[in-house]
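Worksheet: one structure, shown below.
Throughout, numbering of the chain's residues begins at 1 and tracks the sequence.
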Amino acid sequence: MPDQNARPMNDTDKTRALRLVLAAVRKDLHAAQVVFGELDTGDDALNLTMAVADIASVALKKGIGTENAETALLSDLHTLLS
C-alpha cells in the first residue's frame with residue numbers, strides 16, 4: 001500500500017534518476033555524488049530510488065522480455081545470496 005503522506009514523483013525525480021543511471025553507465029562517481037547531494041528529504045531519496053528502479057525495469061523488459069525479467073532477477077538474487 002502506498003504511503004499516503006509521500007510526495008508524488010515529479011519530473012525532477014525522473015531527471016535525477018536518468019542522470020544517476022547515466023553516471024552509472026559512465027562509471028562517474030562524481031556525477032553520482034552530485035545527484036545524491038541534491039536530495040533534501042526522505043521523499044526525494046525514495047522517489048529517486050523508485051524512478052531508478054522504474055528505468056531498470058523498463059530496460060530489463062525491453063532487453064529480455066517481460067516474462068523473463070522476473071525469472072532473471074530472481075536468479076540473480078539467488079546467485080548473490082548463495
With rounding to the nearest 0.5 Å, note down the distance linking [atom1] in [X] to [atom2] in [Y].
X     : Y     : atom1 : atom2 : answer
Asp76 : Leu81 : CG    : CG    : 10.5 Å
Arg16 : Leu39 : CZ    : CG    : 5.5 Å
Ile64 : Thr71 : CD1   : OG1   : 8.0 Å
Lys14 : Met50 : NZ    : CE    : 12.0 Å
Thr49 : Leu20 : OG1   : CG    : 9.0 Å
Met9  : Leu46 : CE    : CG    : 7.5 Å

Checklist entry - Thr12 versus Glu38: any side-chain heavy-atom pair under 4.5 Å? => result no
Closest approach of [X] to [Y] (non-hydrogen atoms, all atoms of both residues):
X     : Y     : result
Asp44 : Arg7  : OD1-NH2, 2.6 Å
Pro8  : Asp13 : O-OD2, 4.0 Å
Ala32 : Ala23 : N-CB, 3.8 Å

Checklist entry - Does Ile55 share a hydrophobic cluster with Phe36, counting links as ILVMFWY side-chain heavy atoms below 4.5 Å and allowing steps through other members? => result yes
Checklist entry - Are the side chain of Ser57 and the backbone of Ala53 linked by a donor-acceptor contact shorter than 3.5 Å? => result no
Checklist entry - When you look at CG of Leu80, are more than 12 heavy atoms from neighbouring residues, nucleotides or ligands closer to it than 6.0 Å? => result yes
